[in-house]
Structure formats: C-alpha cells, structure tokens
Amino acid sequence: MNLLETSKFEIPTRKFLYALGCVITCAFILMMTHGSCYAQEDTKTQDSIRLANEVDISDIFRKWGKKPKKTVIDTPRQGVKNLSLIPILGYSPENGFLIGAAISATEFLGDPKITKLSTAMTNTSLTSKEQIIINLRFDIYTTDNKWYISGDNRLLFFTQPTYGLGIYGLHNQHYTFSWNGISTTTHDSLEQPLNYNYLRFYETFLRKVANDWYAGVGVMVDIDTKIEDESLRLDSPVHLTSHYIYSTEYNFNQTHYSANGLSLQVMHDSRDNPVNPYKGSYFNVAFRVNPKALGSSQNSTVVYYEYRTYIGVNKAKPANLIAFWLWGASVTSGRLPYLDLPSITWDTYNRSGRGYIQGRFRGNDMIYGESEFRFQLSKNGLFGGVTFVNFTTASNPLPYSNQPLFNTVAPGYGFGLRIKMNKVDRTNITADYGRSYGFSGIYLNIRETF
C-alpha cells in the first residue's frame with residue numbers, strides 16, 4: 001500500500017480530535033487566566049536596565065492583583081522557557097462560531113551569546129460546524145547554532161472560497177469584510193467556495209556552513225482530500241469553476257490530490273531576535289522536487305525564495321524601525337495541484353496579504369512584497385503601532401488566459417496596534433486593520449507579521 005496515496009488518505013478519528021481539541025482549548029484558556037505566562041531567572045544581564053523600564057501584560061496583571069513588582073529583570077537564559085498565550089474567539093458564515101487558543105514559546109538551547117533563540121507556535125481552533133484547524137510551527141537552533149530545524153505542520157478540516165488564478169476583478173467588486181483573513185460577509189460573484197481536508201507536513205534540517213549561513217534538505221508534503229466544489233455546475237458553462245477548469249486541463253483528480261517531495265535549501269539569518277527583530281536580515285531559497293515516486297499526483301519542481309530586513313531609525317528607541325519583506329514562488333516544471341499553488345496568506349505563519357481574504361490570489365508564479373513602519377507609542381513599551389503597505393502579483397498559466405507576473409499588481413495597506421505580552425522575548429499581541437480593493441479586515445495574532 002502506498003502510504004502517500006491521496007485516495008487512501010482518511011482521518012477516521014475526526015470526532016475524537018474535535019473532542020480532544022475542545023479539552024485542549026479549554027485548558028489553554030484556563031492557563032491564560034492564571035497570572036504570569038513565562039519564567040525568568042534572577043540573574044542580571046546587559047539588557048536588565050532596558051527591561052526594568054519596560055512593562056508588559058504580566059506586569060499589569062501583577063499591579064491589578066496587588067502583587068509585588070519584580071525587582072530583578074533578566075533576559076532569556078539557557079533552558080528557561082518563555083510562554084505567551086492568547087484565546088481566539090470569532091465568527092464567520094463559513095465556519096460558524098469559532099473558539100480556540102494560541103501559544104507561543106521561546107527558549108535558548110545553548111549559551112545565548114553564541115546560540116540563537118528557538119521559537120515554537122501552535123494554535124487550535126474549533127468551530128460550531130465541527131471544523132478543526134490545528135497548526136504547529138517551530139524554528140529551532142541547537143547549541144552554537146550548529147543545526148537549524150524548522151517545521152510547518154497543519155491539519156485542516158476546512159472551508160474556503162477561491163478566486164481563480166492570476167489577479168482579476170479588483171475594481172467594482174462586492175465589498176467583503178474579513179476576520180483574520182476569513183470572510184464574514186455574504187459571497188460575492190467572484191467567490192468559488194471549496195470544502196476540503198488538508199494535511200501539510202514541512203520539516204527542514206539545515207547545517208551551519210558559515211557565520212549565519214545554513215544549508216540542508218527538507219521534506220515537504222501537501223495532501224488535499226474530500227474536495228467539494230460547491231459552485232460547480234456541469235450543465236452550465238457559467239458555473240464552471242477555476243478549480244474544475246485547471247484540474248481538467250492538467251489531468252488532476254477533482255476530489256483529491258497531493259504534492260510530496262524533497263527540497264534543497266540555503267538560509268542566511270542575522271536577525272537579533274526571530275520573534276520581533278530590531279536589526280539584521282533573513283534570506284532563504286529552496287528548490288523543491290515532487291516526484292510521483294513519493295506519492296505526488298504529478299511530477300513537478302518549485303522554487304521558493306524569501307528576504308526580510310530591518311532598519312532602525314532611532315538609536316534611542318530600537319523598536320522604531322522600517323521592515324521589508326519579499327517572498328515568492330514559481331513552478332519551474334510540471335504542474336502543482338490547484339490548492340497547492342502559491343497563494344497569499346498561505347505562507348508559514350499565514351501573515352501575508354493583509355487587506356485581502358486568505359486565498360484571494362493564487363497562481364503558477366507569485367511575488368509578494370511588504371513594507372512596515374514600527375514605532376513605540378508608550379514610554380514604558382507596553383503599546384506600539386505599525387503602518388504597512390503591500391503588493392501581490394500572480395500569473396495564470398491556463399492557455400486562454402496566460403496572465404504573466406506584473407501584468408496586474410494588487411495593493412493593500414493599513415495600520416495596527418501592538419501590546420507587549422512578554423518583554424523578555426519581545427512577544428507582542430498584534431491587532432491590524434487592512435484595506436484594499438473591495439476588501440477590509442481585522443487581523444489578530446501573536447508576534448510580528450514578519
């Protein structure tokens with residue numbers, strides 16, 4: 001039996017996972033209501049003065065609870081975990097009422113002077129329609145940064161509209177409001193709703209080859225099953241969806257498919273803090289091969305690339321900076337399944353495309369860029385703000401369309417509030433308002449967008 005054969009991929013324990021998720025979610029929320037969410041050692045370091053003058057949510061809770069103020073502040077030390085938790089509440093017509101929780105963890109696995117901060121983030125969301133959204137991502141640096149191990153793992157029982165390939169319909173479209181990228185208004189004429197189950201398993205293992213440079217391999221698995229194309233009506237050409245046309249044109253099954261492969265990767269990371277950088281840069285390029293021998297529906301190759309940099313504008317206030325983010329992906333040979341094509345808000349932490357709904361743009365090739373100005377609002381560091389602008393361009397490979405990159409560019413913009421959740425590792429609660437052509441939305445998260 002081919003373990004990766006998508007037609008055999010079933011998840012018979014869905015109701016069990018749903019019940020288990022309810023228990024885990026309730027536990028997360030209960031933990032959130034019981035005081036401090038991180039540990040510290042009572043040893044002073046060079047950042048003690050800066051931290052002593054800053055305030056986070058834990059300090060506010062201690063003040064409200066009339067608990068004594070901590071007299072000694074320390075930066076994260078080896079073996080000390082810093083945890084931040086936040087409940088998730090929401091509603092959308094596709095998902096119904098949504099409840100969940102997110103937890104962010106950081107720890108130095110070696111001497112902080114020569115070892116980068118390791119981070120992990122997981123969130124579980126459950127809906128009144130028995131939908132389950134489970135994510136686990138991590139970035140681990142071993143002692144002396146000898147190895148970098150990352151993961152992007154997702155299990156979704158999901159509903160989401162798609163909007164075709166390339167960039168179309170920006171002007172005069174029905175106005176849509178979204179919550180964290182999920183539509184909360186009625187469907188417009190461009191939406192093509194899909195129901196499906198999705199499993200992502202991305203694991204990367206990179207070895208340090210020079211100062212801040214790493215190289216290695218990755219395993220990348222995408223499996224989509226039980227796909228239901230709600231808008232498809234075969235008796236009318238008006239109701240032929242992009243998913244149906246693409247899958248038919250390139251010989252993909254309409255209800256299940258997969259893209260499973262291996263990748264070669266090179267990475268540079270000189271950021272001072274991966275959770276909330278004040279300086280440094282990040283670069284990654286990966287070449288992915290998806291052979292049928294590993295369970296892919298078709299043979300294909302893909303190139304991914306990403307660059308981030310952070311430029312300070314005020315030495316006295318290192319949190320004031322301009323940040324730039326660029327990422328892209330291109331199918332270099334063969335064909336990827338429709339739902340596995342590059343798409344906004346499907347990056348590792350689902351942060352791209354503020355101002356648009358998740359999956360609004362999808363294509364054979366995609367480039368996304370964003371610039372953000374971050375600044376401190378309160379003197380004690382509890383509150384901060386951001387303004388941002390972004391753009392997306394994508395291609396459409398279908399013969400009758402054949403839209404190349406940069407034929408059309410979709411802009412977005414907005415602003416946001418930051419609340420310091422953990423001053424030790426700089427974790428913020430982020431609340432952003434994004435706007436674009438026909439869309440606007442509120443985006444709540446833990447950690448900076450990039």
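None of these values were measured; they are calculated from a predicted model. When a residue number appears, it is its place in the shown sequence, counting from 1.
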Quick one: does NZ or CZ of R418 land under 6.0 Å from the six-membered ring centre of F375, within 45 degrees of the ring axis? no

Salt-bridge test for E306 and R308: reply yes if a basic N is under 4.0 Å from a carboxylate O, no otherwise. yes

Sidechain-backbone polar pair: Q376 side chain, S378 backbone, donor-acceptor under 3.5 Å: yes

Within the structure provided, determine whether I57 and I419 are in side-chain contact (heavy-atom separation under 4.5 Å). yes

Hey, is D59 close enough to K423 for a salt bridge, meaning N to O under 4.0 Å? yes

Under a 3.5 Å threshold, yes or no: a donor from one side chain and an acceptor from the other, between Y196 and E228? no

Looking only at atom types and distance, does a side-chain atom of N314 sit under 3.5 Å from a main-chain N or O of P318, one as donor and one as acceptor? no

Assert yes or no for the condition that the ring centre distance of Y282 to Y307 is strictly below 6.0 Å. no

For the residue pair T393 and T408, establish whether any side-chain heavy-atom pair is separated by less than 4.5 Å. no

Closest non-hydrogen contact found for S343 with W327 is O-CH2, 3.9 Å

Heavy atoms only: give me the nearest Y437-P411 pair and the separation to one decimal. CE1-CD, 3.6 Å

Report yes or no: does S296 contribute a side-chain atom to a donor-acceptor pair with the main-chain N or O of S258 at less than 3.5 Å? no

Is NZ or CZ of R288 both nearer than 6.0 Å to the six-membered ring centre of Y304 and within 45° of the ring axis? no

Spacing of OH belonging to Y310 relative to CG belonging to L321, to within rounding of 0.5 Å: 9.0 Å

Beyond-backbone contact of D340 with Y198, side-chain heavy atoms, under 4.5 angstrom: yes

Short N-O contact, R354 and D432, less than 4.0 angstrom: yes

Is a side-chain N or O of R426 found less than 3.5 angstrom from the main chain of N276, in a donor-acceptor match? yes

Any chance you could lay out the side-chain contact (heavy atoms from CB on, under 4.5 Å) test for I223 and N260, step after step, and finish with the verdict? CA-CA 8 Å; I223 301 177; N260 310 321; 4.0 Å; yes

Does one side chain, of S395 or D365, offer a donor that lies under 3.5 Å from an acceptor on the other? yes

Within the distance-only criterion (no hydrogens, no angle test), does the side chain of Y278 pair as donor or acceptor with the backbone N or O of N320 below 3.5 angstrom? no

Taking the six-membered ring for Trp and the full ring for Phe, Tyr or His, determine whether the centres of F361 and Y356 are under 6.0 Å apart. yes

Nearest-0.5 Å distance, CZ of residue R154 to CD1 of residue I134: 13.0 Å

Plane angle bin for H268 and W213 - parallel if under 30°, tilted between 30 and 60°, otherwise perpendicular: tilted

So, S300 and Q298: side-chain donor and acceptor under 3.5 Å apart, yes or no? no

Have E448 and N428 got a donor and an acceptor in their side chains that come within less than 3.5 Å? yes

To the nearest 0.5 Å, how far apart are CZ in F201 and CE in M220? 12.0 Å

Compute whether any side-chain donor of one residue and acceptor of the other, for N153 and E203, lie under 3.5 angstrom apart. yes

N380 side chain to L382 main-chain N or O, any donor-acceptor pair under 3.5 Å? yes

Side chains of T143 and T115, donor plus acceptor under 3.5 Å: no

Are any side-chain N or O atoms of Y349 and backbone N or O atoms of T449, one a donor and one an acceptor, separated by less than 3.5 Å? no

Salt bridge check, K116 against D212: does any charged N sit closer than 4.0 Å to a carboxylate O? yes

Residue pair T332 / V302, side-chain heavy-atom distance below 4.5 Å: no

Check whether any side-chain N or O of S125 sits under 3.5 Å from a backbone N or O of I99 as a donor-acceptor pair, and report yes or no. no

For the pair Y305 and N284, evaluate side-chain contact (heavy atoms from CB on, under 4.5 Å) and give the outcome as yes or no after the intermediate values. CA-CA 6 Å; Y305 49 91; N284 181 276; over 6 Å; no

Does the side chain of L444 reach to within under 4.5 Å of the side chain of T430, using non-hydrogen atoms? no

Taking the inter-plane angle between the rings of Y257 and H243 on a 0 to 90° scale, is it parallel (under 30°), tilted (30 to 60°) or perpendicular (over 60°)? tilted

How about S104 and R447: does a side-chain donor come under 3.5 Å of a side-chain acceptor? yes

Less than 4.5 Å apart, any side-chain heavy atom of D269 and any of M267? yes

Taking atom types as modelled, is there a side-chain donor on S352 or T345 under 3.5 Å from an acceptor on the other? no

About how many Å separate CG of D224 and NE2 of H256, when rounded to the nearest 0.5 Å? 11.0 Å

Does the side chain of S371 reach to within under 4.5 Å of the side chain of I322, using non-hydrogen atoms? yes

Ring-face cation of R374 near F450 (centre distance under 6.0 Å, axis angle within 45°): yes

Does some side-chain heavy atom of D139 sit less than 4.5 Å from a side-chain heavy atom of P274? no

